[in-house]
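It should be emphasised that the depicted structure is a prediction, and the values quoted were computed from it without experimental measurement. Note on naming: letters A, B, ... go to the chains in the order of the sequence lines (proteins, then strands), and numbering restarts at 1 for each one. Any value given below was found using the heavy atoms of this structure, including those in side chains, with hydrogens, waters and symmetry copies removed.
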Number of protein chains: 2
Amino acid sequence: MRLVIARCRVDYVGRLTAHLAEATRLILVKADGSVSVHADDRAYKPLNWMSPPCATVIEVREDGTGTWTVTNKGGEQLVIEILEVHHDASHVLGLDPGLVKDGVEAHLQQLLAANVETLGAGWRLVRREYPTAIGPVDLMCRDASGVAVAVEIKRRGEIDGVEQLTRYLELLNRDPLLAPVRGIFAAQEIKPQARTLAEDRAIECVVLDYDMLRGLDDVDSRLF
Amino acid sequence: MRLVIARCRVDYVGRLTAHLAEATRLILVKADGSVSVHADDRAYKPLNWMSPPCATVIEVREDGTGTWTVTNKGGEQLVIEILEVHHDASHVLGLDPGLVKDGVEAHLQQLLAANVETLGAGWRLVRREYPTAIGPVDLMCRDASGVAVAVEIKRRGEIDGVEQLTRYLELLNRDPLLAPVRGIFAAQEIKPQARTLAEDRAIECVVLDYDMLRGLDDVDSRLF
DNA sequence: TGATATATCTCGAGT
DNA sequence: ACTCGAGGTATATCA
């Protein structure tokens, strides 16, 4: 990893064109060849960057001033004009063991599958990942009166999820053994727009309480 | 901006739980207080980070080893355990003039709004961001014969955009003052799948030439 | 402040 | 190579 602090101008030409006027910034060259340009704010996003794989052609004088041209396979270009170098150092880091996440995503489906009664008294689970021609429905259930219910589960309920469930319902309702099939859109948080669309399509919205579900699960576990 | 190269372990507890095992990494502390941890690959994303505003409590020995605890308003925490410091330097960068972009969707919408005649002779703009219950339509126009036309603009035209326009059209066509409403899907590049879906729904596809539109705009500007 | 749409989104999985 | 879905998405705009 090479760290350069330099006064520079930067131009990107690719999916769009973007320009950075002259200022002092951090330029980061990583072992995979990628280059990013950072200002002194924002943790997450560089001002400008080129993702790997890419190649850098450096044309500089002895004092380090000159031009770096970073090009990727698609012909996108990042051109960095170095006007003054304040710092330039390289460090060997080695491979990173990587980030280990303890996610919530798959857990939600598990928890709800184990506790379908939170959707309605007397409900039972038919199966998780119920297959259809266009992909699996998260949960297929039967309500207390035996009507089929397709449940789509999201962490954040947005309009895309409603569209997805709509497509499933359209298919499932063509199956005379299942029809009529109700739809439930379940998420930890449902955006107003998604709710509006869902209700317009007679899809019921349910807001999931992750901690409550986990609590139920702990109780279940303790029973066995 | 402070640059630290150090062997470290990192834990994040917040919207999820994530752990980084011991390795040598770059730790970046920016003037806004934000902290990010980078491995020696990937230009864009840090392995772990805390966005501003946030505060860091540092408890270290003389050699720099010890613990950094970064906390934000929501109570999310990034804990960095420093095991060995290879490099530690601060640099003053000053404010950045910021990135100037050209060619994003907002520009396309502006340009097309100013030149609806490129969609058809005699067309006129009713308004940009025409409101509906599920969000605004990019452009609402009337064609030469006075029929309403909803225009959805994307930089890259994919299936999602066609779905979006379809929803708008369905709603708009319920309004007797507007119906019938035609749909136009306009983008710099339209994926074959999106085109197929659009045509299946009688939505017309228009490929926008950004440079041509910008040229028209320059001409317009020169006239006034 | 909250909701919404965009992004050079990135990144990974599956086909 | 492409598509689809998720992201601690982040970020800007607008009500």
In residues 130-141 of chain B, which ones come under 4.0 Å of DNA chain D, going by heavy atoms? none
What is the per-nucleotide protein-contact pattern of nucleotides 8-15 of chain D, from the 5' end, where B denotes a base atom under 4.0 Å from a protein heavy atom, S denotes such proximity for sugar-phosphate atoms only, and - denotes neither? BBSSS---
Provide, to the nearest angstrom, the distance between the CD atom belonging to B:Glu189 and the C1' atom belonging to D:dC2. 13 Å
Output all residues satisfying side-chain hydrogen bond (donor to acceptor under 3.5 Å, both in side chains) with A:Asp88, sequence neighbours left out; order by chain, then residue number. A:Arg2
Should the pair A:Glu170-A:Arg174 be classified as a salt bridge under the 4.0 Å nitrogen-to-oxygen rule? yes
Rounded off to whole Å, could you give me the CD1-to-C1' distance for the A:Ile190 and C:dG2 pair? 17 Å
Rounded distance (Å) that lies between atom C1' of C:dG2 and atom NZ of B:Lys73: 16 Å
According to the Watson-Crick and G-U wobble definition with distances under 3.5 Å, which dot-bracket string, read 5' to 3', encodes DNA chain C, using [ ] for crossing pairs and | for pairs with another strand? |||||||.|||||||
Please determine whether a side-chain nitrogen or oxygen atom of A:Gln164 lies at a distance below 4.0 Å from atom OP1 or OP2 of D:dC4. no
Interatomic distance, B:Gln109 CD vs C:dT4 C1' [rounded to whole Å]: 14 Å
Atom CZ of A:Arg195 to atom C1' of C:dG2: distance rounded to whole Å? 16 Å
Out of C:dT4, C:dT8, D:dT3, whichever nucleotide has its closest atom nearest the side chain of B:Gln193: D:dT3
Find the distance between CD (B:Gln164) and CD (B:Glu158) and round it off to the nearest 0.5 Å. 12.0 Å
Basic-acidic side-chain contact under 4.0 Å: A:Arg42, B:Asp32: no
What distance do A:Thr67 atom OG1 and A:Ile82 atom CD1 have between them, rounded to the nearest 0.5 Å? 8.5 Å
d(CD1, A:Ile80; C1', C:dT8) in whole Å: 15 Å
Which residues pass the ring pair (Phe, Tyr, Trp, His ring centres under 6.0 Å) test with A:Tyr44, sequence neighbours left out? B:Trp49
Please report, rounded to the nearest Å, how far the P atom of D:dA6 is from the CD1 atom of A:Ile153. 12 Å
Separation of B:Arg142 CZ from B:Trp123 CH2 (nearest 0.5 Å): 12.0 Å
To the nearest 0.5 Å, what is the distance between CG (A:Leu139) and CG (A:Leu125)? 6.0 Å
Residues 195-213 of chain B side chain polar contacts: donor-acceptor under 3.5 Å, at least two apart:
from, atom 1, to, atom 2, distance (Å)
B:Thr196, OG1, B:Pro192, O, 2.9
B:Arg201, NH1, B:Glu163, OE1, 3.1
B:Arg201, NH1, B:Thr166, OG1, 2.9
B:Glu204, OE1, B:Arg182, NH2, 3.0
B:Asp209, OD1, B:Asp211, N, 3.1
B:Asp209, OD1, B:Met212, N, 3.0
B:Tyr210, OH, B:Asp102, OD1, 2.4
B:Tyr210, OH, B:Gly103, N, 3.4
B:Asp211, OD1, B:Arg214, NH2, 2.8

Decide whether A:Gln188 and A:Arg156 meet the rule of one side-chain donor and one side-chain acceptor closer than 3.5 Å. no
Spacing of the P atoms in C:dT4 and C:dT8 (rounded, Å): 22 Å
Return the CG to NZ distance between A:Leu16 and B:Lys101, rounded to the nearest 0.5 Å. 6.5 Å
Quickly work out the B:Glu163 CD to D:dT3 C1' distance and round it to whole Å. 15 Å
